[in-house]
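To keep things clear, I will list the structure first and then write my remarks on it.
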Amino acid sequence: MTGTTDPTDPAPTAERRRTARVRWVAGGAVALALLFAGAAAVASAREDAPAPRAAGAPAADSADAGFARDMAVHHQQAVEMSFIVRDRTEDEDVRRLAYDIANTQANQRGMLLGWLDLWGLPKVAGGDDPPMAWMGSGGGHQGHQHGGQHADGVLMAGMASRAELERLARLDGEQAEVFYLQLMTDHHKGGVAMAEACASRCTVPVEQRLARGMVEGQQSELGLMRDMLAERKARPRS
């Protein structure tokens with residue numbers, strides 16, 4: 001017979017899984033393209049003088065520019081962690097969350113770097129401007145809770161250290177899932193604090209809207225990750 005599907009036939013399920021993998025790989029290619037494009041842009045910014053600042057654009061030391069620069073770096077690590085865990089687990093829920101985070105944050109990172117280009121501003125801060133200084137009093141001194149500011153590659157609150165990224169890459173299965181969820185929980189908490197600061201301090205309306213969207217989206221994912229950790233008899237680190 002044609003036009004009917006046997007509900008016991010494993011083919012549809014296998015096809016869905018193949019489709020999900022194709023989507024993950026395709027989405028990964030897009031995310032990596034954005035990631036590499038951003039890295040190239042940062043390298044170019046180090047070598048070349050920035051374009052003249054656009055009329056009416058925010059200043060280089062403004063909250064708008066600071067948030068765009070710092071959140072681009074913050075997002076880059078979230079994408080990196082998500083691609084690491086993709087290869088360390090077969091759990092569909094964790095892989096789906098990692099795909100969503102990688103896809104969303106790579107896209108947002110491209111927007112942030114694009115705005116800096118549009119404004120004619122450098123994509124990296126000057127040597128005298130520590131990360132998060134645009135947040136105001138204490139903003140540039142929010143060290144990593146498992147180490148000091150700039151310790152082992154940590155630039156901003158919530159970011160993982162080099163040692164933690166290396167550990168994630170060594171773990172497998174549920175251990176990798178738990179550690180990824182814990183690292184990403186810390187990462188989102190730092191990201192939410194930065195986005196909330198931009199929502200109140202930035203002056204460019206479209207950037208404020210993006211920041212508010214980040215707060216809502218990442219707070220929702222924080223709740224999801226808390227539940228996923230509980231399912232694995234684990235909890236956030238803080």
For this session: Report yes or no: does Gln208 contribute a side-chain atom to a donor-acceptor pair with the main-chain N or O of Cys202 at less than 3.5 Å?
Result: yes
Problem set entry | Pro131 side chain near Val73 side chain, heavy-atom distance below 4.5 Å | no
Exercise. Do Val79 and Asn103 have side-chain heavy atoms sitting under 4.5 Å apart?
Worked result: no
Seminar exercise, completed: Looking only at heavy atoms, the pair that brings Ser82 and Met184 closest together is OG-CE, 3.8 Å
Exercise. Where do Ala211 and Ala199 come nearest, in terms of heavy atoms and distance?
Worked result: CB-N, 4.0 Å
Exercise. Do Phe179 and Leu183 have side chains that get closer than 4.5 Å, going by heavy atoms?
Worked result: yes
Seminar exercise, completed: In short, Ala195 meets Val215 closest at the heavy-atom pair CB-CG2, 3.5 Å
Exercise. Would Asp93 and Arg96 pass as an ion pair if we require N to O under 4.0 Å?
Worked result: yes
Seminar exercise, completed: In terms of heavy-atom contacts, His74 and His187 come closest through O-CE1, 2.8 Å
Problem set entry | Interatomic spacing from CG in Asn107 to CG in Leu112 - rounded to 0.5 Å | 10.0 Å
Problem set entry | Same apolar cluster (I L V M F W Y, side chains within < 4.5 Å links), Leu97/Leu165 | yes
For this session: State, with a plain yes or no, whether a side-chain heavy atom of Val206 is found less than 4.5 Å away from one of Trp115.
Result: yes
Exercise. With sequence neighbours excluded, what pairs up with Gln105 under the side chain to side chain donor-acceptor pair (under 3.5 Å) test?
Worked result: His75
Problem set entry | Sidechain N-carboxylate O distance under 4.0 Å for Arg237, Glu164 | yes
For this session: Would you check if the side chain of Thr104 reaches a backbone N or O of Asp100 as a donor-acceptor pair within less than 3.5 Å?
Result: yes
Problem set entry | Heavy-atom side-chain contact between Leu168 and Arg88 under 4.5 Å | no
Problem set entry | Cluster overlap Leu155 with Leu113, hydrophobic side-chain contacts below 4.5 Å | yes
Seminar exercise, completed: Looking only at heavy atoms, the pair that brings Val154 and Ser161 closest together is CG2-CA, 3.6 Å
Problem set entry | CE-CZ distance between Met135 and Phe67, expressed to the nearest 0.5 angstrom | 9.5 Å
Exercise. Do any N or O atoms from the side chain of Arg109 and from the backbone of Ala72 form a donor-acceptor pair under 3.5 angstrom?
Worked result: yes
Problem set entry | Side-chain donor-acceptor pair present, Tyr180, Thr89, cut-off under 3.5 Å | no
Exercise. So, Thr185 side chain and Leu181 main chain: donor-acceptor pair closer than 3.5 Å or not?
Worked result: yes
Problem set entry | Between CE on residue Met214 and CD on residue Gln219, distance to nearest 0.5 Å | 13.5 Å
For this session: Using salt bridge (charged side-chain N to carboxylate O under 4.0 Å, His left out) as the criterion, list what pairs up with Asp61, not counting sequence neighbours.
Result: none
Exercise. Are any side-chain N or O atoms of Asp91 and backbone N or O atoms of Gly173, one a donor and one an acceptor, separated by less than 3.5 Å?
Worked result: no
Exercise. Taking everything shown except Glu196 itself, do over 12 heavy atoms lie less than 6.0 Å from its CD?
Worked result: yes
Exercise. Looking at Pro58 and Ser62, what are the two nearest heavy atoms and their distance?
Worked result: CB-OG, 3.4 Å
Problem set entry | Other residues, nucleotides, ligands: >12 heavy atoms within 6.0 Å of Arg235 CZ | no
Exercise. Is there a chain of hydrophobic side chains (I, L, V, M, F, W, Y, each step under 4.5 Å between heavy atoms) that links Leu121 to Met194?
Worked result: yes
For this session: Output, in order, the C-alpha distance, side-chain angles, deciding distance and verdict of side-chain contact (heavy atoms from CB on, under 4.5 Å) for Met225 and Gln182.
Result: CA-CA 8 Å; Met225 290 190 291; Gln182 290 174 332; over 6 Å; no
Exercise. Do the side chains of Asp172 and Glu177 get nearer than 4.5 Å, heavy atoms only?
Worked result: no
Problem set entry | side-chain contact (heavy atoms from CB on, under 4.5 Å) assessment of Val94 paired with Arg232 | CA-CA 12 Å; Val94 173; Arg232 292 161 176 79; 3.5 Å; yes
Problem set entry | 4.5 Å side-chain heavy-atom contact, Met81 and Ile101 | no
Exercise. Just by distance, do the side chain of Lys189 and the backbone of Ser238 share a donor-acceptor pair under 3.5 Å?
Worked result: yes
Exercise. Applying the 4.5 Å side-chain criterion to the ILVMFWY set and letting contacts propagate, would Met71 and Trp119 be lumped into a single cluster?
Worked result: yes
Exercise. Is Arg69 paired with Asp64 through a side-chain N to carboxylate O contact shorter than 4.0 Å?
Worked result: no
Problem set entry | ILVMFWY network linking Val85 to Leu222, side-chain heavy atoms under 4.5 angstrom | yes
Exercise. Is there a side-chain contact between Glu207 and Cys198 (heavy atoms, below 4.5 Å)?
Worked result: yes
Exercise. Taking atom CZ of Arg162 and atom CG of Asp152, what is their separation to the nearest 0.5 Å?
Worked result: 5.0 Å
